[in-house]
Every structure is written in structure tokens, then in C-alpha cells.
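For reference, the structure discussed in these notes is given below.
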Amino acid sequence: AEEDDPPMPRHRVTTKGNNVPEHVETFEALRERYNIPSRLLQNIAQSGYKRPTGIQSHGIPILLEHRDLAAISPTGTGKTLSYLLPVMSALGAPAASSKSNPGSGVRALILAPTRELAHQIHNECLKLAQGRKWKIVLFSKATAATLADKKVREKIDLIISTPLRLVASLQAGNLELNNVRHIVLDEADRMLDAEFLEQVQEVIAACTHPEVQKAVFSATLPANAEKVAMSMLRDPIRVVVGLKDT
Ligand code: ADP
Ligand code: MG
């Protein structure tokens, strides 16, 4: 279906797939429809975001309904929040003051091609996580070293990483990903390119939970990468955002 009434006038949004969830015009509508934690919305408002961008307005409902997604939207259109909000909503809402962290191990995984990008995603994630006590780990050599202790890794809720270091920990037997419910590939054109593909596939293979949700986000998705993406995704929805005058 084509959307003739995009939420941001600059953007034209096209969606393709089975039973595509209806997009939202406001962040508040997400609360009405999906009952996402109000603290997340507060943190979004705190960031000064007034209304969802095109990819957020379409992508967030799709991910909240636990569908697989291939999202193609230009640089600077807010792809990060499009996946962070649903993922963090799904983590549940232990208050910072609560001692009852579910602690069922890593439940979400965000992969990015560079340390720099992983770092930016982590920052955005921390803003959104304010007031919550999720254990969010920006994977590094130092954090990898702490994982030899099973108790440490069982406390982690969400990991942001480049693929290589994650693969190293998996191979060392220092990381279980069998409870992961959400995998996101950011800058998927690079993640699915020859440089990273094998590592990405190894990580995905370690995420053995039958209900794992997969999403890929990119500014562009060349035909090759798109083919690989579609073979990884289950009953995917494809969302493409184009700048109107390009
Ligand atoms: P992309 O990954 O698509 O290149 P980012 O997620 O890095 O885009 O977001 C680009 C910029 O837009 C960031 O500075 C981010 O804080 C900001 N941003 C994201 N969502 C919104 C929104 N709904 N309203 C206003 N600014 C936003
Ligand atoms: Mg980005």
C-alpha cells in the first residue's frame, strides 16, 4: 500500500508486506494503542522530539507488533529511535528503584558496523533508558573480559556491538544469546556486505529463540543486500522513506 498522507510533509513513505500495522501520527498514540511505558514517552519528550518522523511513525508500530522489518530511510531521519523505542518497550519497565530486574539474560542485540556508530546508538539508548535500570552494554574489549563470569552476563538486558567482538565472545563460550528476542542491524547495507556478512550470520545463528524478531535499517539497500536481508527475515514488512523532491 502507498501512503498518500505522510506524517512529515517532506517524506513519502511506501510500505509493502502482509497485514501492515497502521502508522501513528503522534508518540502519544503509541501509548493509547500499545500501552508502552509512559517513562519512555517522557524521555522522548525530554529529548525535544515533538512528533515521529516518517520511519518512526511507520516502523515503530510494526516492531511493537513483533513483525520483522526492512526499513530504508535517508540519513538523519531518526532511524535509531525507530528501533530503540520498540526494543526498550519490550524489555519491560523495571523502575530504577526496583530490585526486580527480570535478569533473564540478553534479550536484545543491536549490531552496527563501526565502534563510532555503536557509541552513538548507546548514547541515544541511555537517554531513552533514564529512570530505568536496564543493563545496557556497549560491547568493548573491556566488557568482553568481564563476561567470563556467568553472573555478569546474565544481568545484561541489551547489547550494542560491532559483529567481530561479539563473535569472539561467542566462540570463547562467554556469551549466550538464546534468549534474544530482538536483533537489529543498523546500517544494514554494510552489515550485509561481504565484510561483515559471515560474522552477522554467526551471531544470528546463536540467537536460537524461536520468536526472535529481526529488523534491518539502512539509508540505502542495494539489491544484493536486500536479497540477503529478505532471506533472513520472516514474513517481513518493507518500509521505504524517500525525500519527496528527490
Ligand atoms: P538516522 O539513523 O536515520 O541517520 P538518527 O537516528 O541518527 O538518524 O537521528 C538523526 C537526528 O534526529 C538525531 O539528532 C536525533 O536525535 C534526531 N531525531 C530523531 N527522532 C526525532 C524526532 N522524532 N523529532 C526530532 N528529532 C529527532
Ligand atoms: Mg543511523
Side-chain angles (χ1 to χ4, degrees), residues 3 5-15 23-34 36-64 69-89 108-130 136 138-139 158-163 182-193 196 200 214-222 225-226 229 238-244 246:
E3 294 295 341
D5 185 24
M8 299 262 288
R10 283 188 305 126
H11 293 134
R12 178 184 187 83
V13 183
T14 314
T15 58
H23 71 277
V24 290
E25 296 284 350
T26 63
F27 288 118
E28 199 47 49
L30 291 171
R31 177 154 178 74
E32 286 152 23
R33 206 190 296 167
Y34 300 106
I36 65 167
S38 55
R39 185 61 202 254
L40 280 177
L41 292 182
Q42 282 170 30
N43 291 345
I44 285 171
Q46 196 74 40
S47 298
Y49 304 168
K50 301 231 161 13
R51 46 188 321 211
T53 64
I55 191 58
Q56 290 163 3
S57 129
H58 289 258
I60 290 172
I62 291 168
L63 293 178
L64 283 172
L69 171 66
I72 301 159
S73 183
T75 302
T77 55
K79 291 190 287 297
T80 319
L81 185 72
S82 307
Y83 57 78
L84 284 182
L85 176 60
V87 162
M88 297 178 85
S89 177
L109 195 57
I110 294 156
L111 294 177
T114 64
R115 292 278 309 150
E116 166 73 21
L117 180 62
H119 192 82
Q120 284 170 24
I121 297 166
H122 185 237
N123 281 341
E124 184 103 12
C125 205
L126 293 182
K127 277 199 275 174
L128 212 53
Q130 292 213 16
I136 298 163
L138 174 60
F139 221 64
L158 187 156
I159 289 177
I160 302 158
S161 182
T162 57
H182 313 270
I183 306 174
V184 178
L185 306 184
D186 201 347
E187 308 216 339
D189 52 345
R190 289 194 59 191
M191 303 301 289
L192 299 172
D193 199 4
F196 290 117
V200 166
K214 302 189 199 84
V216 304
F217 281 80
S218 202
T220 58
L221 207 51
E226 169 133 10
R238 186 170 171 276
V239 177
V240 179
V241 177
L243 291 175
K244 256 205 161 146
T246 54

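Start at 1 with the first residue, then count along the sequence. Start at 1 and go down the list; that is how both ligands and their atoms are numbered.
Proximity to Pro74 (heavy-atom distance under 4.0 Å) selects the following atoms of ligand 1: 3 (O). For ligand 1, the atoms closer than 4.0 angstrom to any heavy atom of Thr75 are 4 (O). Close contacts between ligand 1 and Arg51 involve ligand atoms 22 (C), 23 (N), 24 (N) [criterion: under 4.0 Å to a heavy atom].
Between Glu226 and Ile72, the closest side-chain pair of non-hydrogen atoms falls below 4.5 Å. A 4.5 Å side-chain heavy-atom check between His119 and Leu138 finds at least one atom pair inside the cut-off.
Closest of all the heavy-atom pairs between Asp189 and Pro222 is CB-CD, 3.8 Å. Closest approach of Ile121 to Leu84, counting heavy atoms only: O-CD1, 4.0 Å. Pro61 and Arg33 get closest at one heavy-atom pair: CB-NH1, 4.1 Å. Summarising the geometry of Val216 relative to Ala229, their closest heavy-atom pair is CG2-CB, 4.2 Å, with the distance given to 0.1 Å.
Side-chain contact check for His23 and Glu25: at least one donor-acceptor pair (N or O, by modelled atom type) lies under 3.5 Å.
Taking only non-hydrogen atoms, the option from Phe217, Tyr83, Phe27, Tyr49 nearest to atom 26 (N) of ligand 1 is Tyr49.
Among protein heavy atoms, atom 3 (O) of ligand 1 sits closest to Lys79 NZ, 2.9 Å. The protein heavy-atom contact nearest to atom 7 (O) of ligand 1 is Thr80 OG1, 3.6 Å. Summary of contacts: the protein heavy atom closest to atom 8 (O) of ligand 1 is Gly78 N, 3.1 Å. For atom 4 (O) of ligand 1, the nearest non-hydrogen atom of the protein is Gly76 N, 2.6 Å.
Taking a 4.0 Å cut-off on heavy atoms, Gly48 fails to register as neighbouring ligand 1.
Proximity of atom 19 (C) of ligand 1 to the protein is indicated by at least one non-hydrogen atom lying closer than 4.0 angstrom.
With ring centers used as reference points, Phe217 lies under 6.0 Å from Tyr83.
Annotation: Gln46, atom CD; neighbour count of heavy atoms from other residues, nucleotides and ligands within 6.0 Å does not exceed 12.
Contact annotation for Gln120 and ligand 1: no heavy atom of the residue comes within less than 4.0 Å of the ligand. If you look at Ser82 next to ligand 1, there are no close heavy atoms at all, none under 4.0 Å.
Taking any N or O of Thr77, backbone or side chain, at least one lies under 3.5 Å from an N or O belonging to ligand 1.
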